[in-house]
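Each remark here refers to the structure printed beneath this line.
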Protein chains: 2
Amino acid sequence: MAIHQDSHLVPHDCVDCPIRHRAVCALCESDELSKLEQIKYYRSYQAGQTIIWSGDRMDFVASVVTGIATLTQTMEDGRRQMVGLLLPSDFVGRPGRSTAAYDVTATTDLVMCCFRKKPFEELMSATPHIAQRLLEMTLDELDAAREWMLLLGRKTAREKIASLLAIIARRDASLKSPRSNKGSVIFDLPLTREEMADYLGLTLETVSRQMSALKKDGVIELEGKRHVIVPSINSLMEETGDDTDGGFLV
Amino acid sequence: MAIHQDSHLVPHDCVDCPIRHRAVCALCESDELSKLEQIKYYRSYQAGQTIIWSGDRMDFVASVVTGIATLTQTMEDGRRQMVGLLLPSDFVGRPGRSTAAYDVTATTDLVMCCFRKKPFEELMSATPHIAQRLLEMTLDELDAAREWMLLLGRKTAREKIASLLAIIARRDASLKSPRSNKGSVIFDLPLTREEMADYLGLTLETVSRQMSALKKDGVIELEGKRHVIVPSINSLMEETGDDTDGGFLV
DNA sequence: TTCCCCGGTTGATCTGCATCAAGGCAGATC
DNA sequence: GATCTGCCTTGATGCAGATCAACCGGGGAA
């Protein structure tokens with residue numbers, strides 16, 4: 001049980017055993033582990049490679065081991081909206097549906113741990129833990145999507161940028177060692193300006209301008225284009241428009 | 001099994017027995033039905049009444065029997081974004097979380113069928129069908145949320161309005177008897193202009209203007225402010241910006 | 001070295017939607 | 001019937017962010 005807790009809190013510690021990922025870590029406690037081992041396989045992708053096109057047949061579910069992938073929707077005239085950002089330990093795929101609803105793209109080099117859908121579904125029926133764990137994860141994703149909807153519908157460009165930086169900082173921090181002290185955070189942006197724009201419902205020019213503005217105002221510092229230093233998380237949070245309490249340190 | 005299928009396709013036929021709702025209809029096949037019967041209770045709310053405030057303790061899960069409820073998020077300065085629209089048979093609540101993340105409001109008179117959370121969770125552990133069914137429903141909601149994100153991030157005001165009308169027309173049609181012929185659809189808007197604005201990330205003035213524009217262009221007809229006649233679903237769909245194929249008639 | 005290409009920045013201008021403001025209409029209350 | 005109130009419409013104006021365009025700088029290839 002302690003192991004399970006650990007793997008939940010520190011998923012990067014078990015990249016060599018993706019089965020213990022958040023995705024299916026309930027299994028760590030079950031004797032079905034060996035069965036799951038039998039149906040898993042790995043795939044790796046290069047940065048920029050499209051993993052699945054919307055509408056494609058998709059006969060597996062998977063968990064991200066290392067790297068970053070995105071889910072995007074595209075309109076006929078080319079307008080794009082990112083609708084999901086998959087970091088290590090995130091799950092992708094839909095038991096019970098055979099075609100993909102979104103384009104899935106590797107934005108960095110990526111390793112995924114896949115399970116063929118059919119046997120995975122069978123295992124899911126046989127192992128109630130898995131469905132419950134997946135339900136929990138899906139509900140978390142739904143919460144994230146709804147937060148994202150507030151961002152897209154009501155926030156200003158500056159608030160959107162600040163929110164995205166805060167999200168990345170938080171997720172990044174949770175992958176890393178003990179919290180850096182004094183409320184300052186350093187990380188590398190895993191997204192291009194254009195990808196940030198697709199995330200935020202903006203244009204890349206607006207993203208660039210607002211990044212410059214936040215820099216000018218001392219909310220962030222930039223080394224090169226990707227390396228971000230946040231001197232004070234609190235100042236950044238104030239820019240997001242979110243409730244400040246109950247936020248970052250949870 | 002036939003009963004289960006029917007209740008899935010025609011949820012309004014079993015409003016007197018919400019247990020057969022989509023929400024938990026997997027139970028129709030199980031012998032746990034009587035147990036579920038024991039822990040359910042009904043609550044009704046008046047139009048405009050707030051059911052739960054964000055952050056409140058929420059010790060039940062529920063299924064909408066009749067009426068419409070909304071989930072909204074509010075920023076400190078009052079900006080509001082609707083993040084969920086609950087129609088009959090929709091499920092609300094989160095096994096495994098004790099406080100509500102959003103304001104839940106009845107926009108019409110509303111009846112909900114509730115289950116106290118604790119016993120519901122116990123039943124869920126004992127009855128794998130339920131978790132799987134909830135997982136399916138949650139995944140559907142996640143898909144809807146992502147569609148909604150595309151709308152919020154990338155669509156024009158006119159496309160947003162057309163999309164909302166199409167969504168309501170579709171959901172309304174699925175509750176009603178055989179499909180009206182010739183591609184024309186008639187329904188009553190269940191939302192005020194302001195609620196539509198909160199759904200779409202617009203202001204109520206813009207909603208009003210775009211409704212007028214769609215009317216002037218013959219895409220819709222209005223009788224009063226709420227009664228909508230769509231002479232041609234296809235013309236409406238063309239205004240949404242969505243892929244036209246694989247849409248309305250599925 | 002030179003060139004090119006890609007990702008990023010910055011400037012000038014345009015425009016779609018927000019904002020501010022003034023009614024209109026229908027149903028409720030007295 | 002008079003008034004009020006909630007919901008909606010329409011007009012005038014302003015502005016945030018989109019669009020169009022020029023340019024920068026670093027890294028890889030020839």
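Chain identifiers are assigned alphabetically (A, B, ...) following the order of the sequence lines, protein sequences preceding nucleic acid strands; residue numbering begins at 1 within each chain. Keep in mind that what you see is a predicted model, and the values were worked out from it rather than measured.
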Taking [atom1] from [X] and [atom2] from [N], how many angstroms apart are they, rounded to a whole number?
X        : N      : atom1 : atom2 : answer
B:Glu194 : D:dT9  : CD    : C1'   : 15 Å
A:Leu222 : C:dT10 : CG    : P     : 10 Å
A:Asp77  : D:dA18 : CG    : C1'   : 14 Å
B:Arg79  : D:dA16 : CZ    : C1'   : 13 Å
A:Glu223 : C:dG8  : CD    : P     : 17 Å
A:Lys215 : C:dT9  : NZ    : C1'   : 10 Å
B:Lys225 : D:dG6  : NZ    : C1'   : 11 Å
A:His227 : C:dG8  : NE2   : P     : 16 Å

Is the closest basic N to carboxylate O distance between [X] and [Y] below 4.0 Å?
X        : Y        : answer
A:Glu194 : A:Arg80  : no
B:Arg158 : B:Glu239 : yes
A:Arg97  : B:Asp140 : yes
B:Lys155 : B:Asp242 : yes

Inset, instruction - Under a 3.5 Å limit for both distances, which nucleotide forms a Watson-Crick or G-U wobble pair with C:dC30, could you say? - result: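 Partner of C:dC30: D:dG1.
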Inset, instruction - Give a yes or no on this: more than 12 heavy atoms of other residues, nucleotides or ligands lie within 6.0 Å of atom CZ of A:Arg43. - result: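 At most 12 heavy atoms, drawn from other residues, nucleotides or ligands, come within 6.0 Å of this atom.
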Inset, instruction - Sugar-phosphate atoms are those with a prime plus P, OP1 and OP2; base atoms are the rest. Using that split, label each nucleotide of nucleotides 15-20 of chain C B, S or - for protein heavy atoms under 4.0 Å, 5' to 3'. - result: --SSBB
Legend entry - Under 4.0 angstrom between A:Arg226 side-chain N/O and C:dG8 OP1 or OP2: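 For C:dG8, OP1/OP2 do have a side-chain N/O of A:Arg226 under 4.0 Å.
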Inset, instruction - Look at A:Ser212 and C:dT10 and indicate whether a side-chain polar atom (N or O) is within less than 4.0 Å of OP1 or OP2. - result: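 The answer is yes; a side-chain N or O of A:Ser212 sits under 4.0 Å from OP1 or OP2.
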Legend entry - Contact check, side chains of B:Met149 and B:Arg154, non-hydrogen atoms, under 4.5 Å: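 No, every pair of side-chain atoms sits at 4.5 Å or beyond.
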Inset, instruction - May I have all residue pairs that pass ring-ring contact (aromatic ring centres under 6.0 Å, His included) and include part of residues 140-168 of chain A, sequence neighbours excluded? - result: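 Listed by first then second residue: A:Trp148-A:Tyr199.
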